[in-house]
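Data first, discussion second: the structure below is written as structure tokens.
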Amino acid sequence: MKKITIIIPAYNEEESLPFLYERLEKLMNSINNYEFEILFVNDGSKDKTIELIKEYREKDNRISYVDFSRNFGKETAMIAGLDYAKGDCVIFMDADLQDPPELIPELIQWWEKGYDDVYARRKSRKGETWLKKFTSKMYYKVLQSLTNVEIQRDTGDFRLLDKRCVNALRKLRESQRCSKSMFSWIGYKKKEVLYDRDPRIAGKTKWNYKKLVDLAIDGITSFTTSPLRISTYLCIPTFLALGVYFIYVIIKAIVTSTAIQAFQAIILLILFFSGIQILLFGIIGEYLGRIFNETKQRPLYLVNEYNGTREENE
Ligand code: UDP
Ligand code: MG
């Protein structure tokens, strides 16, 4: 029997856990051709989250948990989940029931049809502010324009990943993690499933705008080194301005047969030296970008098939 691991990062979720467990239990009891493992990653919760999880484990051996020594953040909780998952596929889910467990059978169906990464795309988002929706939309746009790897829109972490994706993700050990970009980076056969995102069942969101901005910056800087190129591109208009102004000053001096004036010389010098500085920053940026990419130590490639057989990438 195939095993499915549901990974649930949880941080101060004592209020949602009872609802979550009830819904998951119902789901697991309705599907009996698969074995389930529910893997909680307790991300240093300060409330009774871990006590509750331990309670569930006492009476239900399908529950497992990893208990962090402190709060490491959701991204880290997710990779820990991947490290400890035993299933033939994993499903990421939030603890607050914003991702409806009832969608899981559909995810599994597509997995059985041969898809490696079945991700749930939000059709609608209830209980979220207009501003949050707008900023998240703009963020996707910016991120996509900066990179040539395709990014899935309106997609959170709710998804099913085949074992080979899990193995691939386990190889990406960078400490500044951005799962969204990693799911895109690993590739493999992807399938989109639409769903309505529910409001949080209980408790409060762990996010605030500062965290979101941090996440956005982390996302961009860990996805691409293109911001480092800004400098390289900026030196072009500076040198252009220098050239144009230089020609203008010379011609004017010849035509009016007066000497070049002090302020003109100063403008020329400023343009010249700032151009050189920006260029040098750009060069440093280029090398920095290369060092940055090398330090990630990612595998150079991931194989889908070899001679017609699926590569498991173990
Ligand atoms: N979470 C976590 N560590 C954190 C923050 C959040 O493991 O430091 C978990 C949280 O328990 C939940 C999921 O990540 O299961 C999503 O968090 P939340 O619902 O607060 O975010 P939102 O859905 O509002 O974006
Ligand atoms: Mg939530």
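Ligands are counted one by one from 1 in listed order, and the atoms in each one are counted from 1 as well. Note that the structure is predicted; figures quoted are calculated from it, not measured.
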Worksheet item: Does Arg197 reach ligand 1, in the sense of a heavy atom lying below 4.0 Å from it?
Response: yes

Worksheet item: Under 4.0 Å from any heavy atom of Pro9, which atoms of ligand 1 are there?
Response: 7 (O), 9 (C), 10 (C), 11 (O), 12 (C), 15 (O)

Worksheet entry | Ser179 side chain to Glu75 side chain, donor-acceptor N/O pair below 3.5 angstrom | yes

Worksheet, complete the sentence: A student checking ligand 1 against Asp43 at a 4.0 Å heavy-atom cut-off should list atoms 2 (C), 3 (N), 4 (C), 7 (O), 8 (O)

Practice prompt. Would you indicate whether the side-chain heavy atoms of Ile79 and Arg173 approach each other to under 4.5 Å?
Written response: yes

Discussion item. Could you tell me if the side chain of Thr5 sits less than 4.5 Å from the side chain of Ile91, heavy atoms only?
Written reply: no

Worksheet item: Quick one: nearest non-hydrogen protein atom to atom 19 (O) of ligand 1, plus distance?
Response: Asp96 OD2, 2.6 Å

Worksheet, complete the sentence: If you scan protein heavy atoms around atom 14 (O) of ligand 1, the nearest is Lys74 CD, 3.2 Å

Worksheet item: Polar-atom distance check: Gly73 versus ligand 1, any N or O pair below 3.5 Å?
Response: no

Fill in: Which residue and heavy atom of the protein sit nearest atom 11 (O) of ligand 1, plus the separation
Glu13 OE2, 2.6 Å

Discussion item. Looking at Arg57 and Ile63, would you say the former's side chain and the latter's main chain have a donor-acceptor pair under 3.5 Å?
Written reply: yes

Practice prompt. For the atoms OD2 of Asp96 and OE1 of Gln98, give the angle they form at the Mg ion (ligand 2), rounded to 10 degrees.
Written response: 110°

Practice prompt. Side-chain contact test, heavy atoms from C-beta onward, threshold under 4.5 Å: evaluate it for Phe183 versus Ile151 and give yes or no.
Written response: no

Worksheet item: Are any non-hydrogen side-chain atoms of Phe239 and Ile276 less than 4.5 angstrom apart?
Response: yes

Discussion item. Checking a contact table here: which protein heavy atom is nearest atom 17 (O) of ligand 1, and how many Å away?
Written reply: Trp207 NE1, 3.8 Å

Worksheet item: Donor-acceptor pair, Arg229 side chain versus Thr225 backbone, under 3.5 Å?
Response: no

Item to complete: Determine, considering heavy atoms only, which of Asn12, Asn71, Leu20 sits nearest to atom 8 (O) of ligand 1.
Response: Asn71

Item to complete: Provide, to 0.1 Å, the distance between atom 23 (O) of ligand 1 and the closest protein heavy atom, together with that atom's residue and name.
Response: Gln98 OE1, 2.5 Å

Discussion item. For atom 24 (O) of ligand 1, what is the closest protein heavy atom, and at what distance to 0.1 Å?
Written reply: Thr205 OG1, 2.6 Å

Worksheet entry | Heteroatom distance test (Ala77, ligand 1): nitrogen or oxygen, under 3.5 angstrom | no

Item to complete: Would you please say whether a donor-acceptor pair under 3.5 Å links the side chains of Arg298 and Asn293?
Response: no

Worksheet entry | Protein residue, atom and distance nearest to atom 6 (C) of ligand 1, heavy-atom basis | Lys206 CG, 3.7 Å

Worksheet item: Under 3.5 Å, is there a donor-acceptor pair linking the side chains of Ser274 and Gln277?
Response: no

Response to the item:
atom 16 (C) of ligand 1: closest protein heavy atom, distance to 0.1 Å, is Asp94 OD2, 3.4 Å

Worksheet item: Relative to the heavy atoms of Arg200, which atoms of ligand 1 are at a distance of less than 4.0 Å?
Response: 18 (P), 19 (O), 20 (O)

Discussion item. Using ring centroids (six-membered ring only for Trp), state whether Tyr195 and Phe158 fall under 6.0 Å.
Written reply: yes

